[in-house]
Structure formats: structure tokens, C-alpha cells
Amino acid sequence: MLFWISTTLKVLVAIGFLAQVAAILLWVERKQSAMMQNRIGPNRATIKIGRFEIRAAGLVHSIADGIKMVWKADWEPTGGDHLLYRLAPIIAIVPALCLCAVIPFGPTVFIDHARDLYDPAWATDAAVAARSVPLQIANLDVGVLFVFAVAGAGVIGAALAGWSSDNKFSLMGGLRAASQMVSYEVAMGISLVGAMMIYQTVRLDEMVTWQMQNCWGIFVQPVAFVLFCTAAIAETKRVPFDTPEGESELVAGYFTEYAGLKMAMFASGEFVEVCVSSALITTIFLGGWQFPFVQLTGFEFHYFGINISWHWAHFIVVLVSFLSFCLKCVFLIFMQLQVRWTLPRFRYDQIMKLGWRMLLPAALLNVLVTGTVLLFLNSPGAH
Amino acid sequence: MPGKTKVMKKPVRTLADQSYLLEVVKGLGTTLKHFFQGTGQMVSGNVPDAVKYPLAEGIATISYPEEKRPYAERWRGVHRLTHRDDGSPRCVACLCCSTACPAQCIYIKPGEYPEGDKRRGYERYPVEFVIDELRCIFCGFCVEACPCDAIRMDTGTHMTAFDEKSAFIYDKDKLMSIVSQHGTQKSENPRHEPGEATHPGIDRLRGGH
């Protein structure tokens, strides 16, 4: 019973959050780019209630955009495949939403022991474990592999949109999206192999546990971190990897023929992807929900001969961990938007060269080096 | 004689440039610097006045139309017809401006002053003075051509965007109602009516006929 209630709640919160993400990130992106470019950004949209005017530093623009998107004419191209045309935005956004299911955003909550100090025996005690809620929607054994499988499905939406629009620009955009995403999927997957070898698992929650007990993934796999970040940005199809929609060449690429809410689904799907990829990078490389020096029992600092142990109640640890996860995600989203407004778009052939000639060999080399080092460390004579 | 030749050094692409990563970090550093500068200014309210200090560091937005960048004194705006002291137009209907106008947008119908008016015989007056502001190219030749300082473009205002074509045809009354950017309807050059003691030229009394 508890399982069903908690899972439903988690799903609702996650979907509800991701549905709002697009509106908020739209505002963040506009304001952030404005600040970067010595502008003040949008601030004219106003809600007037009597004498009061609400501008909320431009947040009202997101609402105005939403209203505009709803009321736009839902125009469809006369040619092309109508079923696929309507299906494509859904296929594009659903995988991104699904991805958040496997990301742990906090440690397991033991409801009966909220005010107690954490005890490792809880996890093995069947009675206590039955009354626990993992802060992760689906605790899958395949973990990262599920991420790759579902993220790979996202390309179908873009490709179908380009195909079914009956437009040469759309088709070119769809083709580019498909080839680009498939190329970077390869580099993305192989860049994580080194991390999986070190963590000895593909389960995301166990990856976080390993990082909590040892050190963050970015320190043991720095090369993989850079490669994965690059590939993740390429997967979101945003600048500098936005040739699939390159305005100067393809009007709007694969969603040229989309209007109103269908277009909004593609646009918000991009933002959801940014959000989810940030959560993924956090989980795999930045220690997930772990705050530096905070273990499940509280603040623990045992380095350089200094021993500080500050025990916290279980619910405080959970709260700190959850906030730490959010903070890391927000930082990564911020950095992704910053990259989007800093770098110019690559040429299409440059993207392909970067993917196949740089990222892929670097990822393979990373696997080789990691494997060699692990072999030496784990060999019987090493200790 | 051989001229001086400045030999430009060819930029070398180092490994750091080639790897691109370092340059990405540098670029991010630049944009982050601007981001924090701008955000700091917005949050603290220390946004520099972009109208007065257009080259100041930081946010440079002018919130048009609440704030406007002032035009130079000599900027050519919409025409106006200057007034005499008695409120009549200074224009003497000599047709110099309409002759000079390359766009042929000025139409003047000259008229004689009535018998007994002291200005009769010296000058005429415009019965109609029409400028088609849609044809006008704002070259300022009419202002240059005018011998009486009667037409000026010192209003500092743009052409308003009307929604019908006839609204762009400015007649005499409309042109005379427009003020300069300093709010005056007159000209700074003094006007001397014939018969006044200050009048520098020859007139009926001094000319002897």
C-alpha cells in the first residue's frame, strides 16, 4: 500500500515538476542570456489587477507564451502523414519525461525512524525496510542502460516530425537530428563504461552510494565527465549542436511545420531534456544527492588528521541530500544554458567529426586506461 | 621609393586552440563575468544610465519609449513653419524650397497681401503650404534653400506612423502648429519687417520710390 501511494506521489511530483520546468527555464534562459549580453531582457508582459501591475521580472512572459501557444491556429500541412505528424511531438517528449523515473533524488527514507540517527541495520531489517520509501520512482536493475534505451527513443520523435511534415527543410532537420543523436549516443554510452567499471554497477542508486563512500565520479573519471557532458548537450539538440533546427539554413528544422501546442511540446521537450541530462550528470559524476562530507549519519570530516563528527537526525540528512541534489541540478542547468549562449553553432560536418573522430576514440581510450589502472589496483600483488 | 611594409605575424594554432576545450572555458569565463556583472547591477539597482553614459560597463538597455536617446541639435526631424511676432508665417512664398526639393513634396500656393498692407510689393504669403511627408526624404535642402528661415527641421521628432495616407499630408496649419525641440514656434534669427528701423535693406522709404 505504502509502495503504491508513495510511487504515485513521486510520479505526480516528478511529472508536475517537469511540466513546469519548460516555463521556468524559458524565463531563466531569456533572463540569463539578457544578463550575459548587457541587456535587461523581457519585462513588459503585465498582469493588471486594478491599480496593481504584476511583472514578476519577466516571469509573466512565460504565462503569456503559454496562452499564446494554446490559442494559435493548430495548422497542419496538407501533405505528409497526419498520424505520424501528430504522434511525433508526443514521442519526442515522453522519453525525456520517462528518464526522470530512474534518477535517485535522495536517500531512502525510513518513515518510522525520521528523528533517529541512521543505523545501517535498518536496510537489512525486513520490518523497517518494508516501511521505507526510496526517493527514486523506479529502482531498476538495468539503471543506466534504461537511460540509454529511452534517450535513444527520443530521436524517433525528431525523425518522424521531419519525415511527416512534407517539407524539405523539415526532412533535412529530421535527418540531421537522427544522425547526430545516433552518433553521440555511441560516444555517450562508451564514455560511461569507465564509470561503470569503477562503480561495479549500472544501478544509479548504487552509483551514488559508491560516490558517497569513496569520492565523486568527476574525480575518478574526469575525461568521461567532459565527454559525457558534451554528448549530453549534443543529445539535447541545443546550441552549439543545433544543426537539426539551424535557423539560418533550415528555418526551424524538423519542427518547421509545427504550430501552437505541438511546437510547444518540442520546445518544452528540449528544456525537459536539459533538466534530465543535468540530473543524470549529477547522479553519475557529481555524487548524486550527496552533499560534500555528509554521510547518512550526518556531517563527517575525517581528513588531514581532523576528525569532526556531527550527527543529524535521519530526516535532516534526507532534507540536506534532497536540497543538495536540487542545487547541483540547478548549477548544471545554469552551466548548460551558459554554454548554449556562449558557443557558436558548429557546422554539420564538424559535429560529425567531433562525435566520431574525437569523442568516440577518447571514450575508448578512457575505457582502456581505466581498465588497465583497475587491473593493476585489483591485482593480488598491489596491496 | 619602397613604402613601409608591416609584416603581420600569421596566427599560430596551438594545441590548446586546436583542442577547443580551453577556448570554451575562456569563453564561458567572459560570459559568466558579464552575467554576474549584469545580475549584480539589476539586483542592486545600480544600472548605469544608458542615455547619459552609453559606454558605461554593464547593462546598456534604453527602455524606449520611456527613455530616449537625445538627438543631436542638427538632426533633421519633421518640418515646421516658423512664426513672426504677430503669429503669421515667416514664409514669403518665394518657392525656393519647393524648387530645391529633390522629392518634389512641397506645394506652395502664393498669394498677394491686400491693397494697403505695408508688406504688399515686398513679399507674398503662402495661401497654401503643403508638405507630403511620405514623399519627403528628409534631406534638409528646403531648410538650406529658405532665405527667410521660415522652414526648419529642428523639431527633434520622428514622423508619426498614421494609419491613413491623407494624414501624412501636412498643411499650413499643421506645419505651423509644430514646435522646435526647445518648445518655441519662432526662429532665433530676428525678423525685420519692412518699414521698421532695424530693417537692413532698401525699402520704400529709404529707396526713394
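Heavy-atom basis, side chains included; hydrogens, waters and symmetry copies ignored.
Residue-environment remark: CD (E57(B)) stays at or below the threshold of 12 foreign heavy atoms within 6.0 Å. Heavy atoms of other residues, nucleotides or ligands lying less than 6.0 angstrom from CZ of R74(B) number 12 at most. Within 6.0 Å of atom CD in Q104(B), 12 or fewer heavy atoms from other residues, nucleotides or ligands are found, so the atom counts as exposed in its surroundings. Within a 6.0 Å sphere centred on CD1 of I137(B), other residues, nucleotides and ligands contribute more than 12 heavy atoms. Within 6.0 Å of CZ on F331(A) lie no more than 12 heavy atoms contributed by other residues, nucleotides or ligands. More than 12 heavy atoms of other residues, nucleotides or ligands lie within 6.0 Å of CD in Q350(A), so this atom counts as buried by the packing criterion. Other residues, nucleotides and ligands contribute only 12 or fewer heavy atoms inside 6.0 Å of the CZ atom of F17(A).
Taking CD1 of I40(A) as the start and OG of S63(B) as the end, the distance is 4.0 Å to the nearest 0.5 Å. Once rounded to the nearest 0.5 Å, the distance linking CG of L343(A) with OH of Y20(B) reads 4.5 Å. Atom OG1 in T31(B) sits 12.5 Å away from atom CZ in R340(A) (nearest 0.5 Å). Distance check, rounded to the nearest 0.5 Å: OG1 of T342(A) to NE2 of H34(B) gives 10.5 Å. Atoms CG and CD, from L28(B) and Q338(A) in turn, are 6.5 Å apart once rounded to the nearest 0.5 Å. Distance CE/M35(A) to CZ/F35(B): 7.5 Å, rounded to 0.5 Å.
Both the backbone and the side chain of V339(A) have a heavy atom closer than 4.5 Å to some heavy atom of chain B. Using a 4.5 Å cut-off between heavy atoms, L21(B) contacts chain A through its side chain alone, with no backbone atom that close. Neither the backbone nor the side chain of T30(B) comes within contact range of chain A; no heavy atoms are under 4.5 Å apart.
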